[in-house]
Amino acid sequence: NGSSHDQRNAIPNIRFTDIGGQTRAKKELMEALDFLIEQEKMNEYGIRPLKGILLTGPPGTGKTLMAKASAHYSNAVFLTASGSEFVEMYVGVGANRVRQLFERARKTAKKQKKNRAVIFIDEIDVIGAKREGSQHKEYDQTLNQLLTEMDGIKKSEIPIFVIAATNRKDLLDAALTRPGRFDRHIAVDLPDKNGRAHILSLHTKGKPIHEEVDLDKVANETFGFSGASLESLVNEAAIYAMRDESVYIESKHFSQAVDKVLMGEQTDRTTTL
Ligand code: ATP
């Protein structure tokens, strides 16, 4: 489907200011992107171009948002894939998909007259995990192809910057984290209280929040919540308000929503046990 394909490759409409908390991670990422943008200057000094960044941290903390914001920040086309998409029964299919992804990045950048492309690979651990005992040929070919593409980036006319994400950094093969590959690691951890307050303020924007609602208090009560859980919390609070036929989303709706989200996460946990 052409239109969804174009959408996938478009410059995302997410900016760093849309991401709550994560102050240090955003700063580190922007610094790395500034390198990418000033590649010519770096060439003058003979600085090796950055090829990849690894975002590590628990689910729902904003890694995908960070990758999208990176593409926006550097005015690059954005392509996304998940490690699991490269896993196939047949040897060579995964490697081929990796090749096609980089090819598409170059083509799309040219077509949209952009100088850069950002490729985001979520769940990189699926193809980049350490090998133990019996080698798995298919995964190796896929990983090797990714490394080859990344090594070859220097020669291509369109710089491609690869951002990979994982919840399991400990699983990754050293070949991936070697200098010249994903040699910068940025932790995208669960937000602290200020981060949670910031995320809550972003997700309540434009919603009819009653003035008695104290988002700092909600932030205090949501220790351990990820950005994704906070987004879901605001949504649940709005649903409770609607059910009450309340004009505003009130404190009690937030309290109910906190319980609901906590309960949901507990059920998730028990079902995966
Ligand atoms: P996963 O590891 O599960 O892929 P992720 O870290 O990539 O998760 P995202 O997909 O970026 O998480 O976040 C999911 C959703 O949660 C976002 O679309 C957004 O609504 C919300 N969210 C997560 N983190 C933040 C944040 N820091 N600021 C604002 N919203 C956030």
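Atoms within each ligand, like the ligands themselves, are counted from 1 in listed order.
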Worksheet entry | Contacts of type ring-ring contact (aromatic ring centres under 6.0 Å, His included), residue Tyr248, not counting sequence neighbours | His210
Worksheet item: Does the N or O separation between Gly62 and ligand 1 drop below 3.5 Å for any pair?
Response: yes
Discussion item. Within this structure, what is the OG-CD distance for the pair Ser246 and Glu250, rounded to the nearest 0.5 Å?
Written reply: 4.0 Å
Worksheet item: Would Asp151 and Arg181 pass as an ion pair if we require N to O under 4.0 Å?
Response: yes
Practice prompt. Find out whether Leu176 and Leu143 are in side-chain contact, i.e. whether some heavy atom of one side chain is under 4.5 Å from a heavy atom of the other.
Written response: yes
Discussion item. Check this for me, if you would: do Glu149 and Arg106 make a salt bridge, where the nitrogen-to-carboxylate-oxygen distance has to be below 4.0 angstrom?
Written reply: yes
Worksheet item: Counting only heavy atoms, which portion of Ile19 has something under 4.0 Å from ligand 1: side chain, backbone, both, or neither?
Response: both
Fill in: Best match, Gly60, Ser82, Pro58: closest heavy atom to atom 8 (O) of ligand 1
Gly60
Worksheet item: Of all the atoms in ligand 1, which lie at a distance below 4.0 Å from a heavy atom belonging to Lys63?
Response: 2 (O), 5 (P), 6 (O), 7 (O), 11 (O), 12 (O)
Practice prompt. Hey, could you give me the CD1/CG distance between Ile186 and Leu54, rounded to the nearest 0.5 Å?
Written response: 9.0 Å
Worksheet item: Would one find an N or O of Gly20, backbone or side chain, under 3.5 Å from an N or O of ligand 1?
Response: yes
Discussion item. Give me the residue, atom name and distance of the protein heavy atom closest to atom 7 (O) of ligand 1.
Written reply: Thr64 OG1, 2.6 Å
Worksheet item: If you count the atoms of ligand 1 from 1 in the order shown, which ones are under 4.0 Å from a heavy atom of Asn167?
Response: 2 (O)
Response to the item:
When rounded to the nearest 0.5 Å, the distance separating CG of Leu101 from OG1 of Thr80 is 8.5 Å
Practice prompt. Report, in ascending order of atom number, the atoms of ligand 1 lying under 4.0 Å from any heavy atom of Glu231.
Written response: 20 (O)
Item to complete: Could you check atom 4 (O) of ligand 1 against the protein and tell me its nearest heavy-atom contact, residue, atom and distance included?
Response: Asp122 OD2, 3.2 Å
Practice prompt. Starting from atom 29 (C) of ligand 1, locate the nearest protein heavy atom and write down its residue, its atom name and how far away it is, to 0.1 Å.
Written response: His203 NE2, 3.4 Å
Worksheet item: Does ligand 1 have any atom sitting under 4.0 Å from a heavy atom of Ala165?
Response: no
Worksheet item: Looking only at protein heavy atoms, which one is nearest to atom 22 (N) of ligand 1, and how far off is it?
Response: Gly227 C, 3.5 Å
Worksheet entry | salt bridge (Lys or Arg N to Asp or Glu O under 4.0 Å) involving Asp192 - partner list, sequence neighbours excluded | none
Worksheet item: Between Glu31 and Lys27, is the closest basic N to carboxylate O distance under 4.0 Å?
Response: yes
Worksheet item: What's the shortest distance from atom 18 (O) of ligand 1 to any protein heavy atom, and which residue and atom give it?
Response: Leu65 CD2, 4.0 Å
Worksheet item: Which residue supplies the protein heavy atom nearest to atom 14 (C) of ligand 1, what is that atom called, and how far is it?
Response: Ala228 CB, 4.1 Å
